[in-house]
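What follows is a set of notes on a single structure, which appears directly below.
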There are 2 protein chains.
Amino acid sequence: MRIGELAERTGAPARMLRYYEQHGLITAERSPNGYRDFPEAIVDRVRQIRGLLDAGVPVKIIKQILPCLGSPEEIYFPVPDPEMLAQLEEQRDRMTRKAECVLRNRDAIAAYLERVSGTA
Amino acid sequence: MRIGELAERTGAPARMLRYYEQHGLITAERSPNGYRDFPEAIVDRVRQIRGLLDAGVPVKIIKQILPCLGSPEEIYFPVPDPEMLAQLEEQRDRMTRKAECVLRNRDAIAAYLERVSGTA
DNA sequence: TCTAACCTTGACACTAATGTCAGAGTCCAG
DNA sequence: CTGGACTCTGACATTAGTGTCAAGGTTAGA
């Protein structure tokens, strides 16, 4: 599919799709006319990227962790570089803390809303 | 306490503390010499701010939700503005989705690490 | 008293993620 | 075959969060 359709289906502006491609988050074939040609599967990938971005995970990190997610059959398990493994472990723990923090504060908001609605 | 001590105790550079003050996330008295004078309680507040920022919550939102968290006895429950309540509800749901997304991807990383360590 | 360490404000720079616009090529539909 | 819709690249603008530096005031200690 072309970039317009992908944009429409994912909600990501075409500008961002080019940006993601430029930064190696997604790849696209090129039609003879130079237009990007995305495979169907890219839709989910873009949704995942958007989710991670929205969750505050920066592009650099997403690029690192994307290969570990989805389509595991595509992965070679290419003698995992120990440095990268360390980064992944750190990232995992970081995301744990991040989630905890978000949930803690969400609960605080929820509690506040409870109190207010109870008062009303 | 002065800004240097606060910076040291929170890990936030003094530059950022001024930034937070400028954006209304924290407040400080002023000593006669013009130096900021922070109360003890600000330490936790700054830690909370840092946590939220690290979790990808922008300053604007933090400013909105901070009054709802901590020290509830300080809050007047000032006829909660319905528009703000709506924003808070949206923020709560947003944070739920955010946490889910982060956890989902963290689990994917964890699973990957499991596989690799199992293979090793 | 002088120096070092602290504080002040203000300015400039940078990165990440986006928006937007310009100029040019492509393609379909009338 | 022409106009409108789509695509391409590239450049510039913007916002948030930070880093850093300059020029100056304050203060504590040798």
Side-chain angles (χ1 to χ4, degrees), chain A residues 1-39 42 45-66 87 91 94-95 98 101-102 105, chain B residues 1-39 42 45-66 87 91 94-95 98 101-102 105:
Chain A
M1 86 193 67
R2 289 186 306 179
I3 202 171
E5 185 184 342
L6 182 57
E8 196 174 355
R9 287 176 58 185
T10 59
R15 170 70 172 85
M16 283 302 98
L17 298 174
R18 299 196 189 97
Y19 179 80
Y20 300 153
E21 189 202 27
Q22 204 176 357
H23 288 68
L25 296 184
I26 55 179
T27 51
E29 307 278 287
R30 291 299 180 129
S31 302
N33 55 12
Y35 288 11
R36 287 171 184 82
D37 184 18
F38 296 98
I42 214 80
R45 167 135 303 202
V46 170
R47 293 220 180 94
Q48 187 166 37
I49 292 172
R50 301 292 285 181
L52 284 167
L53 278 177
D54 185 59
V57 182
V59 164
K60 271 185 193 170
I61 306 295
I62 297 180
K63 186 177 175 183
Q64 274 186 17
I65 67 184
L66 264 190
Q87 281 194 320
Q91 195 55 36
R94 197 178 165 75
M95 291 173 88
K98 184 172 292 205
C101 178
V102 171
N105 285 283
Chain B
M1 89 194 66
R2 289 186 305 179
I3 203 171
E5 186 185 342
L6 182 58
E8 196 175 356
R9 287 176 59 185
T10 60
R15 170 71 172 85
M16 284 302 99
L17 298 175
R18 299 195 189 97
Y19 179 79
Y20 300 154
E21 190 202 26
Q22 205 175 356
H23 288 68
L25 296 184
I26 55 179
T27 51
E29 307 277 287
R30 291 299 181 129
S31 303
N33 54 14
Y35 288 12
R36 287 172 184 81
D37 185 18
F38 295 99
I42 214 78
R45 168 135 304 202
V46 170
R47 294 220 180 93
Q48 188 167 35
I49 292 172
R50 301 291 286 181
L52 285 167
L53 278 177
D54 185 60
V57 182
V59 165
K60 272 185 193 170
I61 306 294
I62 297 180
K63 188 177 174 183
Q64 274 187 17
I65 67 184
L66 264 190
Q87 281 194 319
Q91 195 55 36
R94 198 178 164 75
M95 291 173 89
K98 183 172 291 205
C101 178
V102 171
N105 285 283

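Letters A, B, ... mirror the listed sequences (proteins, then strands); counts begin at 1. Because only heavy atoms are used, hydrogens play no part in the values below, and waters and symmetry mates are left out as well, while side chains stay in. Please read all numbers here as calculations on a predicted model, not as lab measurements.
- An angle of 0°, rounded to 10°, separates the two end axes of the helix from C:dT1-D:dA30 to C:dG30-D:dC1, each defined over five pairs.
- The salt bridge (Lys or Arg N to Asp or Glu O under 4.0 Å) search around B:Arg94 returns A:Asp54, not counting sequence neighbours.
- Among residues two or more places apart in sequence or in another chain, the side chain to side chain contact (heavy atoms under 4.5 Å, CB included) test is passed with A:Ala28 by A:Glu21, A:Arg36, A:Phe38.
- Every residue two or more places apart in sequence or in another chain that forms a side chain to side chain contact (heavy atoms under 4.5 Å, CB included) with B:Pro39 is listed here: B:Ile42.
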For this session: Give the C-alpha distance, both sets of side-chain angles, the deciding distance and a yes or no for side chain to side chain contact (heavy atoms under 4.5 Å, CB included) between B:Val102 and A:Val102.
Result: CA-CA 10 Å; B:Val102 171; A:Val102 171; over 6 Å; no
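- For B:Arg2, there are no salt bridge (Lys or Arg N to Asp or Glu O under 4.0 Å) partners, not counting sequence neighbours.
- Counting to the nearest Å, the P atom of D:dA16 and the CG atom of B:Leu52 are 17 Å from each other.
- Residue pairs meeting the side chain to side chain donor-acceptor pair (under 3.5 Å) criterion with at least one member in residues 22-32 of chain B: none, sequence neighbours excluded.
- Under the rule for a side-chain hydrogen bond (donor to acceptor under 3.5 Å, both in side chains), A:Arg18 has no partner lying at least two apart in sequence or in another chain.
- Rounding to the nearest 0.5 Å places CD1 of B:Ile49 at 9.5 Å from OG1 of B:Thr10.
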All N/O contacts under 3.5 Å from nucleotides 6-8 of chain D to the protein, with atom names and distances to one decimal?
| unit_1 | atom_1 | unit_2 | atom_2 | d |
| --- | --- | --- | --- | --- |
| D:dC6 | O2 | A:Tyr35 | OH | 3.3 |
| D:dT7 | OP1 | A:Gly4 | N | 2.5 |
| D:dC8 | OP1 | A:Arg36 | N | 2.9 |
| D:dC8 | OP1 | A:Arg36 | NH1 | 2.7 |
| D:dC8 | OP2 | A:Arg18 | NE | 3.1 |
| D:dC8 | OP2 | A:Arg18 | NH2 | 3.0 |
| D:dC8 | OP2 | A:Arg36 | NH1 | 3.4 |
| D:dC8 | O5' | A:Arg36 | NH1 | 3.3 |

Check: protein-nucleotides 14-18 of chain C nitrogen or oxygen pairs below 3.5 Å:
| unit_1 | atom_1 | unit_2 | atom_2 | d |
| --- | --- | --- | --- | --- |
| C:dA16 | OP1 | A:Lys60 | NZ | 3.4 |
| C:dA17 | OP1 | A:Val59 | N | 2.7 |
| C:dA17 | OP2 | A:Tyr19 | OH | 3.2 |
| C:dT18 | OP2 | A:Tyr20 | OH | 3.2 |
| C:dT18 | O4 | A:Arg15 | NH2 | 3.2 |

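- By the salt bridge (Lys or Arg N to Asp or Glu O under 4.0 Å) test, A:Arg15 pairs with no residue at all, sequence neighbours left out.
- Under the side chain to side chain contact (heavy atoms under 4.5 Å, CB included) criterion, B:Glu8 pairs with no residue, sequence neighbours left out.
- Heavy atoms only, all atoms of each residue included: B:Val57 and B:Met95 are closest at CG2-CE, 4.4 Å.
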Taking only N/O atoms, report every protein-nucleotides 28-30 of chain D pair under 3.5 Å with atom names and distance.
none

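- Residues B:Val46 and B:Ile26 approach most closely at CG2-CG2, 4.3 Å, considering heavy atoms.
- To the nearest angstrom, P of C:dC7 lies 10 Å from CG of B:Leu17.
- Remark: side-chain polar atoms of B:Arg47 are not paired, donor with acceptor, to backbone N or O of B:Gly11 under 3.5 angstrom.
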